[in-house]
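Whatever order the structure lists them in is the order used to number ligands and atoms, beginning at 1.
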Amino acid sequence: MTAPRFDNHFVAELPGERDGGLQPHAVEGALWSPVAPTPVAAPRLVAYSAEMADALGFDAADIADPLFAQVFAGNALYPGMQPWAANYGGHQFGQWAGQLGDGRAISLGEVVAADGRRWELQLKGAGTTPYSRGADGRAVLRSSIREFVCSEAMHHLGVPTTRALCLVGSGEPVVRDMFYDGHPRAEPGAVVCRVAPSFVRFGSFELPTSRGDVALLRQLADFTIARDFPELRGQGESLYADWFAQVCERTASMVAQWMRVGFVHGVMNTDNMSILGLTLDYGPYGWIDDYDPDWTPNTTDAQRRRYRFGWQPQVAHWNLGRLAQALAPLFGDVQPLRAGLERYLAAYARAEREVVAGKLGLAQAGDADVALMAELQSWMHVAQVDMTLLFRALMDIDPERPDFAALDAAFYDPGRREAALPVLDGWWLRYAARLREDPLDPAVRRQRMRLANPRYVPRNYLLQQVIDRAEQGDEAGIGELLEVLRHPYDDQPGREAYAARRPDWARERAGCSMLSCSS
Ligand code: AMP
Ligand code: MG
């Protein structure tokens, strides 16, 4: 066994509290608390990511070693691990929520990989911490499968994201009231090991500022820039300004990629916004089936739908505004923060044009093309067309002699299809005219569209099928689904079922269209 090499900067360089105990308490003047994972009854490796294991230097023998499941269940530590829970606050659903912190996440250490890349390993569901606020610090198998599969799927789709190394069954039940409606039940428990260069969130900066602790804020900002943004030069306010602009740029590209693939985060609270611009905290997220910009999978947000699909770009901007407020004490004049927020809007507009160009198969897209895309999307909404199937089919339709039979499988309601196709004819005339002006040759165009429009995404119902099987004791579905999602842009013969639109049974089924935070 070659245990990874650990080099734990976060706990070595930033102030942590000493011995605060596990009782919920305000942690002031400190960015983390030391905490040991709580061992579980019967750790069992359920699934792992081959790519992530490889990046961290684990070979097949390491993974097969019972110690691997012990460590990633929280029952043992490799030499060099130094577990901690991070302290942060956040705006939840638009309201300042005060101190939150890692209530069910425990970081184990920072690995330096053979290629020099740094990865923090973090268990989710490994027991209580000082930030658990009376909850159990555990996670259920269903939500752990969702986080494990989706993190890796997003990576293969090319969307910036935290990763996942493995999923370990705990052998212990966890009681959850899935819809907070007085029907608690015992479910199998699990622990996911998430992996990212950093799990620092917007809320990590908001908390010290909310308490007037500018020295702590500055320490965290300096640490983050030095460890995670080494390419930034300069010093003082101009360095902070460049850094904030970078965070704005990265957040813009992340959200543009969500919109490209049809991902709805579901809980874009500022404690779930990564300072690295990575998709973070897979809870009640979902995937767009029939195109609907107003859809959110999160039942906790069903009334206001603050985190609906189509609002994600604006919400990210609002969240960056909260980060700007948190960073304001580092600036004499807040103009650079305003400039950063402007930069977000410009970067998002640029990224959106790139997404439009890719999805429609254009060399470059301008404002008129973004408008053309918006018209197609309104049509998709009215026609109740499956987003993934529609875009993937576009490249197979001859622009000059369009045959829309290729779209048949994308309609959820055959009745709407009849009314919708004549409208699409009108749109298509303009699209075909636009393609005639475009310099790309057909083969290049096709390739560009293939790489912008995935065949396979982890649709809500596919995950639910895997979860249903796993809860019945058949866990093979997790690896089977992940295998398909490792190559989301390839046509995989024999795996057409994974690309099928949502079946009727899944329309209103819990877990498929409705999810709660109770994971
Ligand atoms: P989330 O909705 O997962 O982003 O969680 C919001 C806050 O609640 C974070 O501080 C979490 O650590 C905490 N939290 C959520 N679920 C649990 C749990 N089962 N045990 C302890 N803390 C939790
Ligand atoms: Mg969270």
Would you mind listing which atoms of ligand 1 come within a distance below 4.0 Å of any non-hydrogen atom of G137?
18 (C), 19 (N), 20 (N), 21 (C)
Axial cation check for Y285 ring with R146, 6.0 Å and 45° limits:
yes
Please could you name the atoms of ligand 1 that D271 approaches to less than 4.0 Å, counting only its heavy atoms?
4 (O)
Closest to atom 1 (P) of ligand 1 by heavy-atom distance, out of N298, L100, D281, is D281
Is there a donor in the side chain of N8 and an acceptor in the side chain of Q82, or the other way round, less than 3.5 Å apart?
yes
Quick check on V267 - does any of its heavy atoms sit under 4.0 Å from an atom of ligand 1?
no
Atom 19 (N) of ligand 1: of T300, D136, T128, N87, the nearest heavy atom sits on D136
R133, any N or O under 3.5 Å of ligand 1 N or O:
yes
Within a strict 2.8 Å cut-off of the Mg ion (ligand 2), protein N/O/S atoms tallied 2
R176: heavy atom below 4.0 Å from ligand 1, yes or no?
yes
Pairing residues for R469 by the side chain to side chain contact (heavy atoms under 4.5 Å, CB included) criterion, not counting sequence neighbours:
D474, A476, E480
Between R138 and ligand 1, find which residue part has any heavy-atom pair under 4.0 Å and reply side chain, backbone, both or neither.
backbone
Between S33 and Y131: side-chain donor-acceptor atoms closer than 3.5 Å
yes
Contact between Y240 and P336 at the side-chain level, heavy atoms closer than 4.5 Å - yes or no?
no
Using a plain distance cutoff, I'd like to know if A135 has any nitrogen or oxygen under 3.5 Å from a nitrogen or oxygen of ligand 1.
no
Taking distance alone, with no angle check, do N272 and ligand 1 share an N/O pair under 3.5 Å?
yes
Pairs touching residues 34-52 that satisfy salt bridge (charged side-chain N to carboxylate O under 4.0 Å, His left out), sequence neighbours left out:
R44-E475, E51-R486
Hey, could you give me each pair passing salt bridge (charged side-chain N to carboxylate O under 4.0 Å, His left out) that has a residue in residues 272-295? Not counting sequence neighbours.
K124-D281, R194-D281, R201-D281, D289-R459, D289-R502, D290-R502, D294-R308
I'd like the name of whichever of R201, R104, E147 reaches closest to atom 17 (C) of ligand 1 through any heavy atom.
R104
If we number the atoms of ligand 1 from 1 as shown, the ones under 4.0 Å from a heavy atom of D102 are 12 (O)
Is a donor from one side chain sitting under 3.5 angstrom from an acceptor on the other, for R142 and Q464?
no
Atom CD of Q95: over 12 foreign heavy atoms under 6.0 Å:
no
Heavy atoms from other residues, nucleotides or ligands near CZ of R338 exceed 12 (cutoff 6.0 Å):
no
Going by distance alone, is a donor N or O of one side chain under 3.5 Å from an acceptor N or O of the other, for Y282 and T161?
yes
H317 and N319: side chain donor to acceptor below 3.5 Å:
no
Answer yes or no for G101: is there a heavy-atom contact with ligand 1 below 4.0 Å?
yes
